[in-house]
Amino acid sequence: VQLQASGGGLVQAGGSLRLSCAASGRAIRNYVMGWFRQAPSQEREFVGASRWSVDSGIYADSVKGRFIVSRDNAKSAVYLQMNSLKPEDTAVYYCAGSDSGDMYSTRSYDYWGRGTQVTVSS
């Protein structure tokens with residue numbers, strides 16, 4: 001599976017952005033699709049994930065209630081709606097695909113896209 005994230009940019013605190021992840025090569029319906037982020041000098045961290053065709057996502061505590069992961073299997077796309085953005089959300093955001101394992105761990109994800117930069121100004 002090849003993944004490509006897009007939609008990043010510069011936004012003021014309190015604003016919103018929607019990231020998209022386009023998949024190609026294989027259908028994504030059998031994969032857990034996750035979003036991770038990495039700020040400078042920090043480890044890559046889990047943001048949220050969509051589990052197969054289950055509607056509800058899972059989220060890191062730091063984004064719960066503000067971010068929403070959704071997917072469109074027919075379009076082979078995954079989205080991350082980010083609301084009420086904070087300066088601490090500034091990072092490079094990555095989408096990733098996994099067919100098994102701990103959804104919160106980067107080690108469970110076999111497929112990674114290039115990241116997209118999100119910068120939130122105060």
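Residues that satisfy the ring-ring contact (aromatic ring centres under 6.0 Å, His included) test with F46, not counting sequence neighbours, are F36, Y104.
Side chain of R66 to backbone of S84: a donor-acceptor contact under 3.5 angstrom is found. T116 places no side-chain N or O within 3.5 Å of a backbone atom of S6 that could act as its donor or acceptor partner. Using a distance-only test at 3.5 Å, with no hydrogens or angles considered, a donor-acceptor pair links the side chain of T90 to the main chain of P87. In this structure, N73 contributes its side chain and S76 its backbone to no donor-acceptor pair below 3.5 Å.
The shortest distance between side-chain heavy atoms of Y111 and Q2 does not fall below 4.5 Å. Within the 4.5 Å cutoff, no side-chain heavy atoms of L3 are placed close to those of W112. When side chains are defined from C-beta on, V47 counts as touching L80, because their heavy atoms get closer than 4.5 Å. For the pair L17/L85, a side-chain contact is recorded, criterion being any heavy-atom separation below 4.5 Å from C-beta on.
Donor-acceptor pairing under 3.5 Å is recorded for the side chains of S16 and N83.
A cation-pi contact, defined as under 6.0 Å to the ring centre and within 45° of the axis, links R44 to Y94. In this structure, R71 is not positioned above the aromatic face of Y79 in the sense of NZ or CZ being under 6.0 Å from the six-membered ring centre and within 45° of the axis.
Under a 4.0 Å N-O distance rule, the pair D89/K86 does not qualify as a salt bridge.
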